[in-house]
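Every value quoted in this text rests on a predicted model; they were computed, and no experiment measured them. Chain naming here is simple, since letters A, B, ... match the order of the sequence lines and numbering starts at 1 in each. Only this structure's heavy atoms are used, side chains among them; waters, hydrogens and symmetry mates stay out.
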Amino acid sequence: MIRFIARRLLSLALTLLIASVIIFLALEVVPGDPASVMLGVNAQADTVAALKEELGLNVAKPVRYLNWVTGMLTGDFGISYTYRTPVRDMIADRMVISFPLALYALLLSTLIAFPAGIIAATKRGAVADLSVMGTTQLGIAIPNFWFAMILVSLFAIKLQWFSAGGFPGWEAGFGAGIKALTLPAIALALPQASILARVMRSSLLDTLGEDFIRTARAKGLTARQALWHHALRNALIPVLTIIGLQFSFLLAGAIIVENVFYLPGLGRLIFQGITQRDLIVVESVVMLLVFAVVMVTFLVDIAYAAVDPRLRRRM
Amino acid sequence: MRSKRNLIIGAFLCTVFLAAACVSFLWTPYDVTQLNIANKFKPPGYPHMLGTDHFGRDIFSMLMVGARTSIAVALVAVSIGILFGVPLGLFAAANRNTLIDEIIMRGNDLVFAFPALLIAIMITAVFGPGALNAIIAIGIFNIPVFARLSRAAALSLWERDFILSARVSGKSGFRISVEHILPNLLNLLLVQGTIQFSLGVLAEAGLSFVGLGAQPPIPSWGRMLAESQTFFSFASHVVIFPGLAIVLTVLGLNLLGDGLRDYFDPRLRQNMPQKKNQSSVV
Amino acid sequence: MTLLIVSDLQVSIGGVPILRDIDLSVDRGKVLGIVGESGSGKSMTAYSIMRLLPAGSSAAGRIELAGQSLFALTEPQMCEVRGRDIGMIFQEPMTALNPLQSIGDQVAETIKIHTDVTRAEARRITLETLAKVELPPAEFPPSRFPHELSGGQRQRVVIAMAIALRPKLLIADEPTTALDVTTQAQLLKLLKRLVDEDDMGLILISHDLAVVANTADDIAVMRDGVVLDAGSVRRIFTGNRHPYTTELLEASTHVPASNVPIPKVDEAEVKRAVPLLEVRDLVREYKLPRGGLFKPVRYLRAVDEVSFSIHRGENVGLVGESGCGKSTLTRAILGLEPIQGGAVLLDGQSVLHGMERGLDQHRKMQVVFQDPYGSFNPRHTVARLVTEPLYALEVQPDKAQRAAALAEVLERVGLLSSDRDKYIHEFSGGQRQRIAIARALISRPSLIILDEAVSALDVSIRARILDLLVELSSSFDIAYLFISHDLSVVRSVTDRVLVMKNGRIVEQGETEAVFKRPEHPYTRSLIESVPKLSYVV
């Protein structure tokens with residue numbers, strides 16, 4: 001097991017390394033140097049030089065890459081070209097919104113999808129199954145940002161249960177923070193829950209057709225016992241994969257949905273960075289998101305091993 | 001049969017939107033480039049079937065032209081995915097368990113670490129926003145999807161006796177891939193292509209919504225939504241209809257994909273014991 | 001005392017009758033064998049007794065277990081009967097166990113759901129039951145997972161689950177079909193012992209008359225959902241029997257008659273001649289996953305210095321149990337995989353892996369595989385499928401020549417030349433195997449490798465395919481390398497036989513001599529394990 005984790009960690013580190021090179025190369029081919037952009041056309045040559053020095057732009061590109069990577073490892077993401085404040089602080093401020101939002105949505109999606117998928121599979125062909133299949137078919141087709149707009153008009157403007165946007169900050173209390181994130185989380189969760197419910201259903205149906213379910217029935221288990229004791233855990237394996245993949249979709253989706261709710265999250269930060277050509281911010285946020293995605297994939301792999309003894313041994 | 005019904009509804013919806021996109025080249029009820037502020041926020045009815053937007057443009061005409069963008073972006077992106085992904089997958093499968101296979105698959109994993117939106121963000125950061133960026137971003141993301149799918153399916157085929165027979169007859173890996181493997185993947189690719197197409201439509205809408213996709217004056221459903229966001233409270237039709245257009249197109253494509261899968265399934269099951277295909281649902 | 005009575009059982013699925021007028025009975029401590037070819041309804045009979053029929057099916061009639069009508073029970077009551085009063089074993093031991101649960105837990109589950117015993121008591125019974133099926137806890141701790149066991153061992157776990165509560169009746173549906181002969185012999189012995197010890201009734205379902213003949217007290221022969229013949233083993237084998245039973249018996253013991261007497265070859269002349277196929281010290285190794293990053297790479301020798309030769313027109317058998325390396329050897333001979341040592345010579349020329357070798361070698365050596373369903377590209381017509389080996393000809397034949405060659409081989413294997421435009425799914429298993437033979441034949445090879453080519457076929461069809469093979473061999477002067485796990489088939493069609501174990505050829509010689517006087521202990525145990533019909537016939 002330890003060897004397995006070590007190997008996965010090694011490949012994780014390698015992925016991150018290559019990703020960082022790609023991100024750096026992609027964003028460094030941008031023409032124009034940030035120092036001149038920041039100071040405007042009329043800036044004095046020596047002021048530009050001084051700023052370049054301050055931002056660490058004077059050194060050769062490989063060295064700058066190394067500085068960027070080693071900086072990130074020690075928690076130093078550099079200094080924003082636009083705001084002259086440490087990128088780390090900007091990210092930290094925004095992260096406490098985006099990550100809870102993605103997790104909240106993941107939780108909602110799982111809580112909706114599991115029962116829905118299980119009911120649909122056990123009542124295959126019945127009204128419950130057909131309605132789950134119909135709803136999820138529609139759920140997959142609805143773009144989350146449009147759904148978000150409809151939620152706002154319904155629950156924030158008409159019914160006034162929630163505020164239409166913004167974030168009071170966690171200082172205002174956990175409840176207030178969660179309340180502000182609820183509509184965005186629902187908007188994000190709906191399409192993902194639809195996908196997950198369908199995966200759960202088909203995986204469960206596949207598992208229910210396996211020989212060992214027949215064996216369990218021959219032992220005297222009722223259909224329900226066979227489902228809970230044997231089928232569910234086996235059906236979970238593909239579901240886990242999807243949950244892992246969904247996290248990255250939720251993070252990316254959060255970037256869009258934040259726009260609808262005026263949430264000051266990583267998404268807004270990244271768009272700000274693009275419009276202001278604050279590339280160091282863009283670079284760092286993209287890297288952070290890639291890190292999160294890769295990390296979740298790693299956790300899913302570990303979860304696999306926890307569920308499946310066949311994998312445990314192969315490690 | 002339910003699968004038949006899926007197929008029919010899906011094909012119908014897809015045809016409607018495809019037709020709308022094609023007709024828009026020749027004719028739209030109103031000129032979408034003509035601004036008429038006096039005519040703004042007309043509710044649905046006569047003479048504007050779906051009403052007008054904040055510039056007084058006819059929403060129905062805009063949707064027709066917007067379908068063009070959606071379909072073009074998604075179609076080209078899926079084609080990129082198939083054109084690069086399938087040969088990569090087949091090549092990896094023909095060289096299974098070698099270093100080259102390992103490199104291709106790890107490369108795929110690497111791309112999967114970048115959600116399409118991140119790729120789009122990076123491209124936009126470098127080259128500025130535009131529909132082409134959306135195509136490239138969604139296309140790049142589609143490559144590993146098709147590479148994985150075709151590799152997995154090809155691997156199971158390579159172990160089949162009929163491939164062994166072909167090898168005994170002295171045929172090369174390339175020839176076997178083209179003659180035996182690829183034709184047996186076509187159903188699978190058609191189904192997956194439809195599903196990726198629908199994801200492409202969604203992704204294009206999302207990218208345009210946040211300003212990373214199609215730029216004015218090219219009409220796009222996503223941008224129509226972004227522009228009308230603030231008017232929702234008093235002119236809901238400007239938000240409802242573009243959203244419905246997206247929903248119905250995506251729904252149509254998904255139904256078509258499901259219908260096709262069910263239609264092919266007896267054959268797939270009989271001739272190609274393919275285990276559940278995960279990537280099809282995300 | 002009669003334990004189980006099935007009378008007038010009718011089952012239909014989706015309105016289509018599957019079983020008609022089934023009457024059976026099983027006594028305590030007795031074994032009832034149910035025999036039939038695929039689709040005869042033998043498994044459905046078992047599922048009817050368990051009341052585990054697939055959705056959409058309906059059953060009528062009477063099934064009584066120890067005086068209790070099973071059809072009168074509610075589903076919850078039936079759940080109590082299953083596992084407690086009736087145990088069941090299935091064909092596929094590899095998939096019959098939950099891969100995520102330890103074997104001990106799976107056996108204990110039977111005990112827990114039917115009784116109120118304590119955890120410790122359940123564990124004690126589990127260990128006892130595992131020991132009873134010859135999985136001693138010292139060697140097979142209950143914490144093992146299914147993937148850590150072999151097929152035979154897994155089947156023992158399934159048996160343990162079925163008998164943990166000493167049921168009155170045990171149903172075994174093709175319990176040994178997926179297993180090797182030696183394992184099969186052991187398991188049949190075990191089942192017989194359990195029947196005697198616990199005074200259970202056993203229903204043993206098999207397609208193999210010989211398996212049933214040696215174990216059962218009574219036999220029922222089924223075809224198309226009807227019991228054709230039933231009675232004691234003695235009566236079935238010696239007395240009056242249904243013509244179909246006779247047919248089955250004959251097919252099972254079928255020896256194809258060679259229409260050309262085997263010419264007595266001059267030993268010395270054979271030695272001088274270059275053998276058609278010569279395998280010399282062949283080694284095929286696989287790299288095993290490394291134990292650790294810095295541990296040395298380890299290898300598994302799947303084929304270990306194997307040498308033998310096949311002469312023109314000779315039929316050579318290769319027998320061995322699963323995992324002995326015979327499939328790997330086949331692939332190495334066909335040049336489908338690289339070899340790590342030794343040589344394969346076809347007509348004196350080395351067979352190399354990959355594309356380097358001449359097309360002529362491809363032409364001379366063809367293969368027929370086991371699975372009649374997987375051997376063909378489902379998208380090609382028969383014409384295209386069968387003519388594929390013509391690719392290996394130096395001079396590509398024109399359209400007319402192709403058509404003529406195709407028509408000829410199709411006719412030779414007993415198909416119509418009008419079959420050329422059909423697709424493979426339009427044919428039955430036996431017909432598909434004929435098409436596979438036609439494909440192997442069309443390039444006029446000198447050697448055809450038959451890799452378990454008749455193993456997936458029902459006995460009656462198998463007999464006809466064997467006849468065809470023997471006839472073709474003599475008329476086209478083709479040599480066969482006949483690979484099979486089924487010793488009786490090998491015995492009936494080959495001149496010489498090779499016995500393989502753990503990657504080595506442990507014994508080779510003339511088939512009759514080897515079967516009559518096996519020298520190697522392994523060969524002896526293999527031959528002894530084969531269920532025999534001969535003593536009863």
Quiz item: So does B:Phe12 have more than 12 non-hydrogen atoms from other groups sitting under 6.0 Å from CZ?
Solution: no
Exercise. Can you measure from CD (C:Glu388) to OG (B:Ser165) and round to the nearest 0.5 angstrom?
Key: 7.0 Å
Self-check item: Close side-chain approach of C:Arg379 and B:His180, heavy atoms under 4.5 Å
Solution: no
Quiz prompt | Heavy-atom side-chain proximity of B:Leu164 to C:Val367 below 4.5 angstrom | solution = no
Practice problem: Check whether more than 12 heavy atoms from other residues, nucleotides or ligands sit under 6.0 Å from atom CZ of B:Phe174, and answer yes or no. | Solution: no
Practice problem: Check B:Arg167 against C:Leu336 and note the closest heavy-atom contact, atom names and distance. | Solution: NH2-O, 2.8 Å
Practice problem: Looking only at non-hydrogen atoms, find the nearest pair between C:Tyr391 and B:Gly170 and report the distance. | Solution: CE2-O, 3.6 Å
Self-check item: Side chain to side chain, B:Val168 and C:Met365, heavy atoms closer than 4.5 Å
Solution: no
Exercise. Spell out, as yes or no, whether a donor-acceptor pair under 3.5 Å connects the side chain of B:Arg160 to the backbone of C:Ser375.
Key: no
Practice problem: State plainly whether the residues B:Glu159 and C:Arg331 are in salt-bridge range, i.e. N to O under 4.0 Å. | Solution: yes
Quiz item: Between NE2 of C:His362 and OG of B:Ser169, what distance do you get to the nearest 0.5 Å?
Solution: 8.0 Å
Quiz item: Hey, what do you get for CG (C:Asn377) to CD1 (B:Ile176), rounding to the nearest 0.5 Å?
Solution: 11.0 Å
Practice problem: Check each atom of C:Gln370 against the heavy atoms of chain B and say whether the ones under 4.5 Å are side chain, backbone, both or neither. | Solution: backbone
Quiz item: Does CZ belonging to B:Phe84 count more than 12 external heavy atoms closer than 6.0 Å?
Solution: no
